[in-house]
Amino acid sequence: MRPIALLSLSLALSLALSAHAAPAARDYAVFMQGRAAGEQKVAVADDGSVRVDYHYTDRGRGDRSTTRWRANDDGTLREYSGSGNDYLLNPFEESYRVDGAKAQWKNPAERGERELAAPAFFLPLQAAPEATGALARALLKAPQRKLALLPAGEASIAAVGDYDIAGKRGNARLRLYRIEGLDFTPRMVWLREDGATAAVIFASGWFVVVDREFEDAAQKLVELQEAAGAQWGADLAKRLTHAPQGPLLIRNARLFDPRDLSVSAGTSVLIDNERIVRVAPDAQMRAPASAQTLDARGRFLMPGLWDVHKHYTAIEDGALDIAAGVTSARDIANNFDTFLERVKRFDAGSEVGPRVLMAGFIDGPGPYAGPTKMLVSTPEEAVKAVDFYADRGYMQIKSYSSLKPELVPVIADRAHARGLRYSGHVPASMSARQFIENGADELQHLLYVELNFMYPQVKDTQSMQRLTAVAAHAHEYPPEAPKVREFIDFLKRHRTVIDATMALEEDLFGGDPTDKTPPGLRGVAERFPPQARRNLSWGALKPPHGQEEAYKQAFPSMLKLLKALYDNGVTLMPGTDAMSGYMLHAELEAYARAGIPNAEVLRLATLTPAQVLGVDKDRGCIAPGKYADLVLIDGDPTKDMRDIRKVDAVFKGGKRFDPGEIERALGIVPRKSAAVAAAGGE
């Protein structure tokens, strides 16, 4: 997963301060999951020009940039230049300047100009974390604390609270601010009393950039910011959650049953509290006189969707899932210091989000170690790590690429002894076959099936080679090849489950390196807030000269492999490892494009995960006794999978959510409103 995909740090750079002058140089530490990952150095020259050197390393990837700029007195940029590489190591150059009243900008994905009638703050597409504080300082100077943004949008700022924080040179008073207009939900930043940036914390503490003066207090800052975010989320949940007063009767629905793939018109569903009480034809349904009735008007009613590959980090993630009909999910790597509390908020309804099963993340130490504090080197440490997660209610273990291969059976045996499943990335110097033979129940990402065909020529599953090798060679392993047929049979015999993440792999292997919108979000991202849609993509792999055709064939080859796995009885489960909600729709569309029948795709996204993950007693289909987790769709995805995006209402435990209402609250133009606008209506 790319934790910075949601945090792509696409903000402008400026050090204009609010009231006092900041030191001419300041150093910041970068932490991922509490481990040192990089640094940021900010320097202001005597002439006022600013230079920022920034880098971090994440499993062999990561941003590295040098940026220079000059700022106006109001904190907006007069000129800017930057160069370096993005998260996937693609080189970039970016520039911005104002000549008179004309602003001009250029980067690998954008080129534009604008006549400025009033001050505006340019947000580079690829920049350093310090930019969040720089924008905050400019906003604090602006009238009404608002500024137009370039290329588009508007930002505003509000104070959250003041806190005394222990620094290396004594206590300091820091203020937490909330900036709106950059994303679906507010972005927060910590400033000193003199206006200088103290810390920028992303993704529930997954990624922290902190002044070295306060690095020992980083966890405290995370906790305070999490509390502020939780309060914001609770206020949002109150506005968006609609609980019926008594029983709820849904009538006149076309009900999809994933158990037999049937669609039954004229069906009623009676809900009381959080459970389904009765399912029957309309004419046979008897409901209490006090029941509230909802006429489905013949629309498609199906069980809530699953996303089995999640990393809940941004505040908006849960709400985006619910808006898309995702009522159940599995999170397979997160910050265990904060995540359990978030799951409790989802369950209590104080934050909008699905029902979440948790998988604990384990890796081994080293330069390519995954973003987790749970790093193990010995059998004793491995057993202790499994027990840590099992004791806290996790249902699965996910290991990663730097794990010693000899620890795989240790983790598998301990996980199984504690009643947990075991899955993961295939460790380096180990094949997928060996990983499964040593106890893994599941593979994350279809690319590891592809890499099995390339083993032992390709053993490095830690670095970028695990991506580039698949891009270059996936087309060499068609489903009819004996090596491929044999491994598919092996997977079936071992009842191995594949969490394929096809929409993410289409972004990597089938996307455009100059386009920051993943293929699965094209036609959808246009409804997002202007700044939010600028960095949605991981960044497609750029083919080396001479390998363009091989790279072009990679994703179509993976679709053929997915279909072959399905045809031969290997269990598949849809997951995203990417943007919440909408990318799950893209995932299901990819399954359908691969040739899997639409009704079967819907079963894979509803009943199959409930069965595999052991919660089918309560979830997976619309039947008496199950949770009332339902999705009402204005279309028929059994005929056209694109209709899965036409979500009209979502029910979680009988409580109703309006997707359009959620979207408006997150700054997204609702689907129907977008359609009306496109038609020229009001």
Qualifying residue for side chain to side chain contact (heavy atoms under 4.5 Å, CB included) with Asp321, from Tyr312, Phe346, Tyr582: Tyr312
Over all atoms of both residues, closest heavy-atom pair of Arg664 and Asp658: NH2-OD2, 4.5 Å
Short side-chain to backbone donor-acceptor contact, Asn107 and Gln126, under 3.5 Å: no
Side-chain H-bond candidate by donor/acceptor type, Gln462 with Ser401, under 3.5 Å: no
Residue from Tyr28, Tyr163, Tyr177 passing ring-ring contact (aromatic ring centres under 6.0 Å, His included) with Trp190: Tyr163
Heavy-atom donor-acceptor pair, His309 side chain to Asp331 backbone, under 3.5 Å: no
Side chain to side chain contact (heavy atoms under 4.5 Å, CB included) involving Arg35 - partner list, sequence neighbours excluded: Ala369, Leu375
Where Leu89 and Gly60 come nearest, the two heavy atoms and their spacing: CD1-O, 3.7 Å
Salt-bridge contact Asp515-Arg522 (side-chain N to carboxylate O under 4.0 Å): yes
Flag, side chain of Lys542 to backbone of Pro91, donor-acceptor distance under 3.5 Å: no
Salt bridge (Lys or Arg N to Asp or Glu O under 4.0 Å) partner of Arg645, the single match among Glu589, Glu587, Glu663: Glu589
Whether Asp58 side chain and Arg61 backbone form a donor-acceptor pair below 3.5 Å: no
